[in-house]
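See below for the structure under consideration.
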Amino acid sequence: ADIHIVQSGRIAVYKEADQPHPTLLGYRGVGEIIGEMSLLGSQPRSATVIADQDSEVLRIEAGEFLQAFCEIEGIDAEGFQRRVRRWLRG
């Protein structure tokens with residue numbers, strides 16, 4: 001799963017977007033990240049995003065993101081997964 005950073009515009013985030021009455025969870029604006037939960041948790045996406053106005057996003061491939069993060073933090077992929085598990089547990 002790739003992540004995306006909103007460069008311009010506004011993105012609506014929905015739960016159950018394929019249902020007759022989807023739930024609007026909120027919006028993502030300039031500088032905010034989309035897809036981080038799927039990337040960090042290695043799980044399928046949990047929401048659907050739809051641009052509700054003209055928008056541009058920067059796509060970062062998951063592998064590139066993980067490699068850069070690990071290099072910056074000085075950890076390997078296993079160390080990254082440990083940090084994510086701790087973060088997800090709260």
Side-chain angles (χ1 to χ4, degrees):
D2 298 336
I3 63 169
H4 299 79
I5 301 173
V6 180
Q7 300 292 294
S8 66
R10 186 173 80 166
I11 310 293
V13 182
Y14 292 94
K15 186 82 168 170
E16 301 172 345
D18 58 342
Q19 300 299 313
H21 303 288
T23 302
L24 176 64
L25 299 175
Y27 296 96
R28 296 292 181 267
V30 175
E32 293 188 276
I33 297 173
I34 300 167
E36 73 282 2
M37 295 306 294
S38 180
L39 174 72
L40 295 176
S42 300
Q43 298 176 14
R45 63 185 177 86
S46 59
T48 298
V49 295
I50 300 171
D52 69 345
Q53 57 184 243
D54 288 343
S55 302
E56 291 185 21
V57 297
L58 171 67
R59 181 177 139 258
I60 302 174
E61 293 181 8
E64 291 177 8
F65 173 83
L66 293 172
Q67 181 180 356
F69 183 89
C70 289
E71 286 178 17
I72 290 168
E73 292 296 312
I75 59 175
D76 60 11
E78 188 175 307
F80 176 81
Q81 289 300 325
R82 280 193 304 273
R83 284 188 184 189
V84 168
R85 283 192 296 273
R86 282 194 306 263
W87 177 73
L88 291 174
R89 279 183 274 175

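Bear in mind that the values here come from a model prediction, so they are computed numbers and not experimental data. In what follows, every heavy atom counts, from backbone to side chain, and hydrogens, waters and symmetry copies are set aside. In this chain, numbering begins with 1 at the start of the sequence shown.
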Quick check: are there more than 12 heavy atoms from other residues, nucleotides or ligands sitting under 6.0 Å from CD of E73?
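Correct, the count exceeds 12.
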
Taking atom CG as the centre, does D54 end up with more than 12 heavy-atom neighbours from other residues, nucleotides or ligands that are less than 6.0 angstrom away?
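No, not enclosed.
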
Reported [atom1]-to-[atom2] distance for the pair [X] and [Y], which is rounded to 0.5 angstrom:
X   : Y   : atom1 : atom2 : answer
I5  : E36 : CD1   : CD    : 10.5 Å
I33 : H4  : CD1   : NE2   : 12.0 Å
R10 : E32 : CZ    : CD    : 11.5 Å
K15 : T48 : NZ    : OG1   : 9.0 Å

Given the rule in the side chain to side chain contact (heavy atoms under 4.5 Å, CB included) test, do E78 and Q81 qualify, once you have shown the distances and angles that lead to the verdict?
CA-CA 5 Å; E78 188 175 307; Q81 289 300 325; 5.8 Å; no

Verify same cluster id: [X], [Y] (apolar side-chain graph, 4.5 Å):
X   : Y   : value
V6  : V49 : yes
I3  : I72 : no
V57 : I60 : no

Side-chain heavy atoms of D2 within contact of F65, under 4.5 Å:
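No, side chains not in contact.
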
Restricting to non-hydrogen atoms, name the atom on [X] and the atom on [Y] that form the minimum distance, rounded to 0.1 Å.
X   : Y   : value
E16 : P22 : O-CB, 3.3 Å
S8  : V30 : CA-CG2, 3.8 Å
S55 : G9  : OG-CA, 3.5 Å

Sole candidate of I11, D52, V13 that passes side chain to side chain contact (heavy atoms under 4.5 Å, CB included) when paired with Y27:
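In the set I11, D52, V13, the residue that makes a side chain to side chain contact (heavy atoms under 4.5 Å, CB included) with Y27 is D52.
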
